[in-house]
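Step one of this worksheet: look at the structure below.
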Amino acid sequence: MNITEADTKVYDEESVGLDVPETAHQISTDSWFQAGFVLTTGINSAYVLGYSGTVMVPLSWIGGVVGLILATAISLYANTLIAKLHLLGGKRHIRYRDLAGFIYGKKAYALTWGFQYVNLFMINTGYIILAGSALKAAYLLFRDDSVMKLPYFIAIAGFVCALFAIGIPHLSALRAWLGVSTVLSLVYIIVALVLSLKDGIKAPPRDYGVPGTHTGKIFTTIGAVANLVFAFNTGMLPEIQATVRKPAVGNMLKALYFQFTAGVLPMYAVTFVGYWAYGNSTSAYLLSNVNGPVWVKTFANISAFLQSVIALHIFASPMYEYLDTKSHQHIPSYVHSRKPHVPGGKEGQAHFITKALALAKYLRL
């Protein structure tokens, strides 16, 4: 593939018309602040309740602190580079695979698409398991029996996620839900922080040594480094940037700076305080360690469950976009001309036809 000077130039979208790929989802509609909350919702999801046990315990104080700081700095640098390539070659690259394909060719396009979707599938599977675990933790506060097992709670979480997906057709539609997600995140982070501080002050000296055999330490260290790599990266930055208003590059950089300053502080706090309070006995789910009123712990666990449901739909949005765009291409043009937000009359009927045809398309896939 021959790359010309025009292909490697990053254009100013305000001064030149850009080639925008076809998509059924909204683009250039959201503020940088909303994009910043999308990013911070990802890094402050209920996964942060596990970093004390999965990052700090295997790496201890020096390795854990240095690792988190390095991961933050490297991730910020890498993400800003990707954000600056959004307008490369006079095209707006609204998907990760589009950017990779434009720079490296068809093979990179296919590989990036495959690896990205495997990554997002694993993240979303993790969110469903995490939501089920939080629900089970709340249940065990009232009934410590073996009647309801974890797979039952995971199934409940999956059903709730499916119901929530009906009302979230695309990433921009999260809007108010991002505020709800932030409140829910603050609930379980503050609860975990306060109860961990209380336990840590009263507890005897803790052991901060890395537990396990030599072989076990190697594997747990690899797992901790993997957590550091994925903690700050969504794996879908171009898809998020596609929703940002012009200038897309400048506004996305603002969102990234927000994520890596104010956004990382809650994660740092709960990770370090949790490890300080319980040492190498910290579990992979911090709320399982803390002691406090049952109603407070229940509230925190339910908040973690609900926040996981919301956060999942950030990482599911690339698949939604692919399915919706593919379905959109098979819908008659007279349907596309209707305004989907109008609930009644002929235009409302057209919106119904659009959804019905899209559903029929999904069932054939």
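Between Leu59 and Thr221 there is a side-chain heavy-atom pair separated by less than 4.5 Å. Val249 places a side-chain heavy atom less than 4.5 Å from the side chain of Gln241. Within the 4.5 Å cutoff, the side chain of Pro318 has heavy atoms near those of the Leu120 side chain. Between Arg143 and Met148 the shortest side-chain heavy-atom distance does not fall below 4.5 Å. The shortest distance between side-chain heavy atoms of Thr282 and Met56 does not fall below 4.5 Å. Side-chain contact between Asn79 and Leu39 is absent, with no heavy atoms from C-beta onward closer than 4.5 Å. Between Leu253 and Lys84, some side-chain heavy-atom pair lies under the 4.5 Å cut-off. Under the 4.5 Å side-chain criterion, counting only non-hydrogen atoms from C-beta, Tyr47 is not in contact with Ser308.
Residues Leu140 and Phe305 fall within the same hydrophobic cluster, defined by Ile, Leu, Val, Met, Phe, Trp and Tyr side chains chained together at heavy-atom separations under 4.5 Å. Following chains of ILVMFWY side-chain contacts shorter than 4.5 Å, one can reach Leu237 starting from Phe232, so the two form part of one hydrophobic cluster. Hydrophobic clustering of Ile, Leu, Val, Met, Phe, Trp and Tyr side chains at less than 4.5 Å, counting indirect connections, keeps Ile74 apart from Leu85. Note on Phe121: it does not cluster hydrophobically with Val309, by side-chain heavy-atom contacts below 4.5 Å among ILVMFWY residues. Hydrophobic clustering (side-chain heavy atoms under 4.5 Å, transitive across Ile, Leu, Val, Met, Phe, Trp, Tyr) keeps Val225 apart from Met267.
Scanning both residues, Ala231 and Ile43, for their nearest heavy atoms gives O-CG2, 3.3 Å. Here the closest non-hydrogen pair linking Val38 and Ile240 is CG1-CD1, 3.9 Å. Pairing each heavy atom of Ala284 with each of Thr54, the nearest pair is CB-CG2, 4.1 Å.
For Tyr77, the side chain to side chain contact (heavy atoms under 4.5 Å, CB included) partners at least two apart in sequence or on another chain are Leu81. Under the side chain to side chain contact (heavy atoms under 4.5 Å, CB included) criterion, Ser288 pairs with Ser283, Tyr285, not counting sequence neighbours. Qualifying side-chain hydrogen bond (donor to acceptor under 3.5 Å, both in side chains) partners for Glu239, counting only residues two or more places apart in sequence or in other chains: Gln116. With sequence neighbours excluded, the residues that form a side chain to side chain contact (heavy atoms under 4.5 Å, CB included) with Leu306 are Leu184, Ile302. Every residue meeting the side-chain hydrogen bond (donor to acceptor under 3.5 Å, both in side chains) condition with Ser75, not counting sequence neighbours, appears here in chain and number order: Asn233. Residues passing the side chain to side chain contact (heavy atoms under 4.5 Å, CB included) test with Ala165 are His313, Tyr320, sequence neighbours excluded. Shown here are the side-chain hydrogen bond (donor to acceptor under 3.5 Å, both in side chains) partners of Tyr152, two or more places apart in sequence or in another chain: there are none. Residues satisfying the side-chain hydrogen bond (donor to acceptor under 3.5 Å, both in side chains) test with Thr182, not counting sequence neighbours, are none.
For the atom pair Leu87 CG and His93 NE2, the distance stands at 8.0 Å (nearest 0.5 Å). Between Arg97 atom CZ and Leu111 atom CG the span is 13.5 Å, to the nearest 0.5 Å. Atoms CG and OH, from Asn44 and Tyr188 in turn, are 6.5 Å apart once rounded to the nearest 0.5 Å. The structure places NZ of Lys246 at 12.0 Å from CG of Asn251, a figure rounded to the nearest 0.5 Å. In this structure, Leu312 CG and Cys161 SG are separated by 4.5 Å, a value rounded to the nearest 0.5 Å. Atom CH2 of residue Trp276 and atom OG of residue Ser196 lie 9.0 Å apart, to the nearest 0.5 angstrom.
Sorted by first and then second residue, the pairs that involve residues 29-58 and meet salt bridge (Lys or Arg N to Asp or Glu O under 4.0 Å), not counting sequence neighbours, are Asp30-Arg175.
Under a 3.5 Å cut-off, the side chain of Ser60 and the backbone N or O of Val210 do not form any donor-acceptor pair. Within the 3.5 Å criterion, the main-chain N or O of Gly200 finds a donor-acceptor partner in the side chain of Arg206. One N or O on the side chain of Thr213 and one on the backbone of Gly216 form a donor-acceptor pair closer than 3.5 Å. Asn301 places a side-chain N or O within donor-acceptor distance of the main-chain N or O of Lys297, the cut-off being under 3.5 Å. One N or O on the side chain of Ser52 and one on the backbone of Thr271 form a donor-acceptor pair closer than 3.5 Å. For Arg245 (side chain) and Thr29 (main-chain N/O), a donor-acceptor pair under 3.5 Å exists by modelled atom type.
The local environment of NZ in Lys217 is crowded, with over 12 non-hydrogen atoms from other residues, nucleotides or ligands closer than 6.0 Å. For Phe258, the CZ atom sits in a packed shell: over 12 heavy atoms of surrounding residues, nucleotides or ligands are nearer than 6.0 Å. Counting non-hydrogen atoms of neighbouring residues, nucleotides and ligands closer than 6.0 angstrom, the CG atom of Leu163 exceeds 12 such neighbours.
In this structure, a donor-acceptor pair under 3.5 Å is present between the side chains of Tyr278 and Asp199. Donor-acceptor pairing under 3.5 Å is recorded for the side chains of Gln307 and Ser181.
Under a 4.5 Å side-chain heavy-atom criterion applied to ILVMFWY residues, the cluster that includes Leu186 comprises Ile190, Val194 as well. Grouped with Met122 in one hydrophobic cluster are Val118, the linkage being side-chain heavy-atom contacts under 4.5 Å among Ile, Leu, Val, Met, Phe, Trp and Tyr residues.
Checked against the 6.0 Å centroid criterion, the rings of Phe299 and Trp295 do not qualify as a close aromatic pair.
Ring-plane geometry between Tyr139 and Phe153 is classed as tilted, the angle between the planes lying from 30 to 60 degrees on a 0 to 90 degree scale. The aromatic rings of Phe164 and Trp177 stand perpendicular to each other, their planes meeting at an angle above 60°, with 30° marking the opposite boundary. Classification of the Phe272-Tyr268 ring pair by plane angle, with boundaries at 30° and 60°, yields tilted.
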If you look only at distance, which donor and acceptor atoms sit under 3.5 Å apart when one is on a side chain in residues 127-137 and the other is two or more places apart or in another chain?
residue, atom, partner, partner atom, Å
Tyr127, OH, Ser45, OG, 3.2
Ser133, OG, Ile129, O, 2.9

Q: Please report the C-alpha distance between Tyr51 and Tyr275 in whole Å, then the side-chain angles of each, then the deciding distance to 0.1 Å, and finally whether the ring-ring contact (aromatic ring centres under 6.0 Å, His included) criterion is met.
A: CA-CA 9 Å; Tyr51 292 152; Tyr275 182 60; over 10 Å; no
